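For the numbers below, each heavy atom of this structure counts, side chains included, while hydrogens, waters and symmetry mates do not. Because the structure is predicted, anything quoted here is derived from the model rather than measured. Numbered from 1 within each chain, the chains take letters A, B, ... in sequence-line order.
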Amino acid sequence: MTISPAIFPPLIRAVQADIAANAEAVTELDQAIGDGDHVFNLQRGLQALAEQADAIAPLDWPAAWQKIGMTVMAAVGGASGSLYATLFIALHKHSRDSSVSGFAAAFAAAVEAVKQRGKADVGEKTMLDVWVPVALALQQDAEAGKSLDELLDHLCQVAAAGVEATRDMLATKGRASFLGERSLGHIDAGAKTAQLIVAAVARVLKTA
Amino acid sequence: MTISPAIFPPLIRAVQADIAANAEAVTELDQAIGDGDHVFNLQRGLQALAEQADAIAPLDWPAAWQKIGMTVMAAVGGASGSLYATLFIALHKHSRDSSVSGFAAAFAAAVEAVKQRGKADVGEKTMLDVWVPVALALQQDAEAGKSLDELLDHLCQVAAAGVEATRDMLATKGRASFLGERSLGHIDAGAKTAQLIVAAVARVLKTA
Amino acid sequence: MKKFIDDPNSLLDTSLQGFAKAHADILELNLEPHFVYRKQRKSGKVALISGGGSGHEPLHSGFVGFGMLDAACPGQVFTSPTPDQMMAAAEAVDGGAGVLFIVKNYAGDVMNFEMAGEMLALPNASVLVNDDISLPKSHSIGRRGVAGTTIVEKIVGAAAEAGADLASCKALGERVNQATASLGVALTSCTVPALGHPTFALAEDEMEYGVGIHGERGRETVKLAGASEIVAQLAEHIADELQIGTGQHALLHVNGFGATPLIELHSIYELAWQQFNRRGLNIQRSLVGNFTTSLDMAGCSLTLTLLDDEMLAYWDAPVNTAALRWGC
Amino acid sequence: MKKFIDDPNSLLDTSLQGFAKAHADILELNLEPHFVYRKQRKSGKVALISGGGSGHEPLHSGFVGFGMLDAACPGQVFTSPTPDQMMAAAEAVDGGAGVLFIVKNYAGDVMNFEMAGEMLALPNASVLVNDDISLPKSHSIGRRGVAGTTIVEKIVGAAAEAGADLASCKALGERVNQATASLGVALTSCTVPALGHPTFALAEDEMEYGVGIHGERGRETVKLAGASEIVAQLAEHIADELQIGTGQHALLHVNGFGATPLIELHSIYELAWQQFNRRGLNIQRSLVGNFTTSLDMAGCSLTLTLLDDEMLAYWDAPVNTAALRWGC
Ligand SMILES: Nc1ncnc2c1ncn2[C@@H]1O[C@H](COP(=O)(O)OP(=O)(O)O)[C@@H](O)[C@H]1O
Ligand SMILES: Nc1ncnc2c1ncn2[C@@H]1O[C@H](COP(=O)(O)OP(=O)(O)O)[C@@H](O)[C@H]1O
Ligand SMILES: [Mg+2]
Ligand SMILES: [Mg+2]
Ligand SMILES: [Mg+2]
Ligand SMILES: [Mg+2]
């Protein structure tokens, strides 16, 4: 099975559904150590993507990522908006072919771009605590030639571990950093939604 | 016994004490159908009078009322401030001698001045529901030659009845009038403090 | 009570001192008795004086300066000022052309200004503002003066600055007042510092319709509605009251009571503009913000003034006060 | 939640439309994407653009006009705007002398403006405002930009109006920012419309010390104190930070977060003036009011800017915006 941008309509719907189902929980997280708007920001972006989904489906990969990046850039705002826009625009730049290892390399480069945009890295209690280990696992599993199902299950585990790890981190990036010690004991909202995205994507790809 | 303005120091202290003891209750009344400042307004005036008490004591009646009127006028503010200032300035104008009947006549004229200042009369749920019947009873009792003690007891009864009567009145003057039917069932704060003043004055005069 | 105060009794004095320092270029403060007055005065000009309880800032002290008030007399919070304040202010700013008091129709204000007018040895007159249409015209003590006061003070202030005499200023003030209607709603009461807690309580789904500006209850407690519905109601009452007609010129003032954010007030302005525009009105001027406040009350009022050419020209005339400034 | 809204999702658009109508003489609104821009533009002038999440009004849209900003890009409530807004605004107001972005130091604002700057085909630079001293200078993402932004925008706006070039405007903005320190306290959180309830809760005897402007918790929760004590603490931290010395000239800005009445803000100004005066400072200019708000948060901040002659002259230069106006 080769995956094409035709996957985006069901994929966007799945992410939208999962984020909606967890909206209150995420808001509680973002309120505890942020400003409470993270879910609304993502939902605005997902809504915009849903409206573009049919236009994205027939595109090739670079064009699809480009359209997704520009849509997210114009719709989301906030810290997460610029970071996800950066991620997708970088995917557009680095996307080469439809192979898993090609995507893995592009994704690693894109996560690198996000690190640069946010001047952040793992261990700072952000979405990077999900995206960095996920990108790494993806590359390793692709190299190791794991089956798609195995790989997706693994990514889900890594993402879940990543989000859980943020609980005991001291926030040094994002709004939570203003709270100093008071950020301890709370999961990062942006890490949580990153994990929800990974899980939704895995579910869709497994049944594709 | 002739009463002179030397009575003012203990009299002001007594009124101050009684208003203070009932401050919360009066505030509750003024909050229910007014703006809640009535007790503070009176207390500001009483404080100013207390500071002037020794200067008032040696004066003759007209000068004493004048000083009291000007002090109240500058210290109280609000509806009750202008009404009490009007009352005392009118007492200054009408005060003639130290006789009970002389005072009764002056007081009746002063209450008349208050009615004109406020364009109000009995039955409108204001302090006039105390002061008008008190002035009338005072004149009648003075004419009838009642003893001071009897007269004072009577005034206290009349004042208490006056304040109680405001409960079922529809307010047509003062802030409470804005509430229409919603003013029903509440005693008027200004009537209550008028009654407290009558009671305190009576107590002081009976032991003078 | 959560407020920035040391002692409710010292709040007013400290605040007036800060206000006077922050605006020392245009005004001065007199502390005994309390009044704030214009630094640059003009002889031969009618002196405009207003005042009322404090807690409505910027009204009135924020309107003292060139082209508006000559002096403002602040009372204690929500308590009308005393006659000695108005008299001392009048003597300080008298320019030889008489004194015009601009008075909001509240028993305390009316009576205290009246006493001042009686005792003052200068020619004086007064304009009574009663723009709040939440009560019928026939109400036993008349309608209250609320946010329309700003409009009256600005327009009459410009006329006085331009040299209008006492009788003309009074007549103009009354004309503006006649042409003005206001109506307000409150989502919360407010906390008077001396009291320490809100004056009344409202449920999460309730609002007070037809409120004054002293944190008291309004004409009735109603269910909270969406902004469009609230504005439609307010606008309809105002339109009926002023019998507005197609092509008339108007000034639309959305006034916040203190705790309602500008983002909401501007949205209210848009909705109100739509309402009046739909009725053929030509909204020529606007004023949106917190001008006649009730301490920290959440809520707002709509004020509409039907403008004639003279009123419009005076509205546009230069003004230099703490709260309104243009043209200089 | 008690607010004047129909739907949290339409609030911003309705509000911007009302804002643009109420100030149609000085600005215009673009809806897709959102930006507000000056009506009268000048070619050859550096274009000043700011922006940030909404809910801080009048910042920034209230500062668009002659002598201040050329455009403002409002994001959703407390959410930074998106790069396409800044780019479209820049193209609309470009005068051929380059674009200066004035950015409050928040991750979202910084990154979105940075993306716009990278993609924009016009010469551009940016000034990062980070006046909030509640965090140490060494904080991992630097200090936040808060109420000092108004001062930066006014002074740089006047310089741009006077013809300063892009590099000078940037240098001046950075100099003002360096000379500015702010510190704020909150008595309540605020209610973000989309959220529907306050972002955090505080007990009756608690306040947040060292807060930003997004309704989040501050540096620490402390016991509520009297105004004098609070102001003394804020002033001491600011004095230490700026190492103020006798005879220095300064601008003192008391900023309300939205629900704190002017009577309190003026009293805070008096207390702060005393604090700085006691330290030998010469407070030459002042600004008291709600300028950088957090919706309906109760609280305030002190901002002090040490002024040199150039900064003072630019502060005094004419400005004509919705929220600041003088000299014209
Ligand atoms: N510098 C950064 N690098 C990576 N992720 C970040 C950074 N800053 C913030 N984030 C992520 O963004 C999330 C917040 O996003 P959001 O609430 O949408 O924006 P904002 O913080 O502007 O309100 C945080 O929970 C965190 O995961
Ligand atoms: N026109 C009036 N005539 C007589 N008494 C009045 C009138 N208006 C108000 N009052 C009295 O004044 C009282 C309110 O006084 P106060 O609270 O001090 O002033 P304000 O109403 O200005 O806040 C009322 O309870 C009522 O008894
Ligand atoms: Mg957030
Ligand atoms: Mg009262
Ligand atoms: Mg009162
Ligand atoms: Mg945000």
Side-chain angles (χ1 to χ4, degrees), chain A residues 23-24 27-28 30-45 47-48 69-86 89 113-114 116-121 123-127 170-183 186 190, chain D residues 8-9 32-34 52-53 55 73-85 87-88 106-116 118-119 132 134-136 139-144 189 191-200 210-221 294:
Chain A
E24 277 186 36
T27 293
E28 257 173 55
D30 194 32
Q31 257 184 277
I33 55 171
D35 61 349
D37 60 350
H38 181 56
V39 140
F40 305 118
N41 295 345
L42 285 197
Q43 290 189 313
R44 217 169 29 248
Q47 184 53 38
M70 297 313 277
T71 302
V72 164
M73 188 193 83
V76 182
S80 56
S82 54
L83 294 167
Y84 278 113
T86 299
I89 292 170
V114 171
Q116 281 178 20
R117 175 68 65 206
K119 299 190 179 62
D121 210 329
E124 304 201 79
K125 202 177 184 106
T126 71
M127 60 170 74
L170 197 70
T172 47
K173 290 285 145 59
R175 272 169 208 292
S177 70
F178 302 135
L179 294 177
E181 305 274 314
R182 294 160 101 185
S183 71
H186 297 274
Chain D
N9 293 316
E32 288 200 5
H34 285 148
C73 304
Q76 293 296 318
V77 171
F78 293 173
T79 299
S80 50
T82 55
D84 54 316
Q85 292 175 254
M87 290 168 67
Y106 284 95
D109 289 338
V110 170
M111 296 190 284
N112 282 288
F113 272 97
E114 189 181 282
M115 291 181 79
E118 286 167 18
M119 292 185 286
D132 174 17
S134 71
L135 299 163
H139 181 72
S140 49
I141 51 171
R143 291 167 160 178
R144 298 175 281 209
S189 181
T191 298
V192 175
L195 222 56
H197 54 84
T199 308
F200 64 87
V211 287
I213 53 173
H214 297 90
E216 339 88 307
R217 286 201 172 271
R219 195 178 62 178
E220 47 177 341
T221 308
S294 291

* Test side-chain contact (heavy atoms from CB on, under 4.5 Å) on D:L195 and A:T27 and set out the steps. => CA-CA 8 Å; D:L195 222 56; A:T27 293; 3.3 Å; yes
* Asked: Please walk me through it: do A:F40 and D:Q76 pass side-chain contact (heavy atoms from CB on, under 4.5 Å)?
  -> CA-CA 10 Å; A:F40 305 118; D:Q76 293 296 318; over 6 Å; no
* Given the rule in the side-chain contact (heavy atoms from CB on, under 4.5 Å) test, do A:F178 and D:V211 qualify, once you have shown the distances and angles that lead to the verdict? -> CA-CA 9 Å; A:F178 302 135; D:V211 287; over 6 Å; no
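Only the side chain of D:L135 comes within less than 4.5 Å of a heavy atom in chain A; its backbone stays farther off. Contacts between D:R217 and chain A at a heavy-atom distance below 4.5 Å involve backbone atoms as well as side-chain atoms. D:M87 does not touch chain A: none of its heavy atoms, backbone or side chain, sits under 4.5 Å away. Heavy atoms of D:H214 lying under 4.5 Å from chain A belong to its backbone as well as its side chain. At a 4.5 Å heavy-atom cutoff, the contact between D:E118 and chain A is made by side-chain atoms alone. Interface residue D:P198: only backbone heavy atoms are found under 4.5 Å from chain A.
Per-residue heavy-atom pair counts under 4.5 Å with chain D were compared for A:K119, A:K173, A:R175, and the maximum is reached by A:R175. Options D:E216, D:E220, D:H139, D:R143 differ in how many heavy-atom pairs under 4.5 Å they form with chain A, and the most are formed by D:H139. For the set A:A120, A:A79, A:G34, the count of heavy-atom pairs under 4.5 angstrom toward chain D peaks at A:A79. For chain D, the option among A:R117, A:M73, A:H38 with the highest count of heavy-atom pairs below 4.5 Å is A:R117. Interface summary for chain D: among A:S82, A:G77, A:G81, the most heavy-atom pairs under 4.5 angstrom belong to A:S82. Chain D forms the most heavy-atom pairs under 4.5 Å with one residue out of A:I33, A:V39, A:T172, A:T86, and that residue is A:T172.
Across all non-hydrogen atoms, the minimal contact from A:G78 to D:T79 is N-CG2, 3.3 Å.
In this structure, OG in D:S80 is found 8.5 Å from CG in A:D37, a value given to the nearest 0.5 Å. The distance from atom CG of A:N41 to atom OG1 of D:T82, rounded to the nearest 0.5 Å, is 11.0 Å. Of the inter-residue distances, the one linking D:H197 atom NE2 with A:Q31 atom CD reads 4.5 Å to the nearest 0.5 angstrom.
Taking the side chain as every heavy atom from C-beta outward, D:M115 and A:I89 approach each other to under 4.5 Å.
D:T221 and A:R182 form a side-chain donor-acceptor contact under 3.5 Å, judged by distance and modelled atom types alone.
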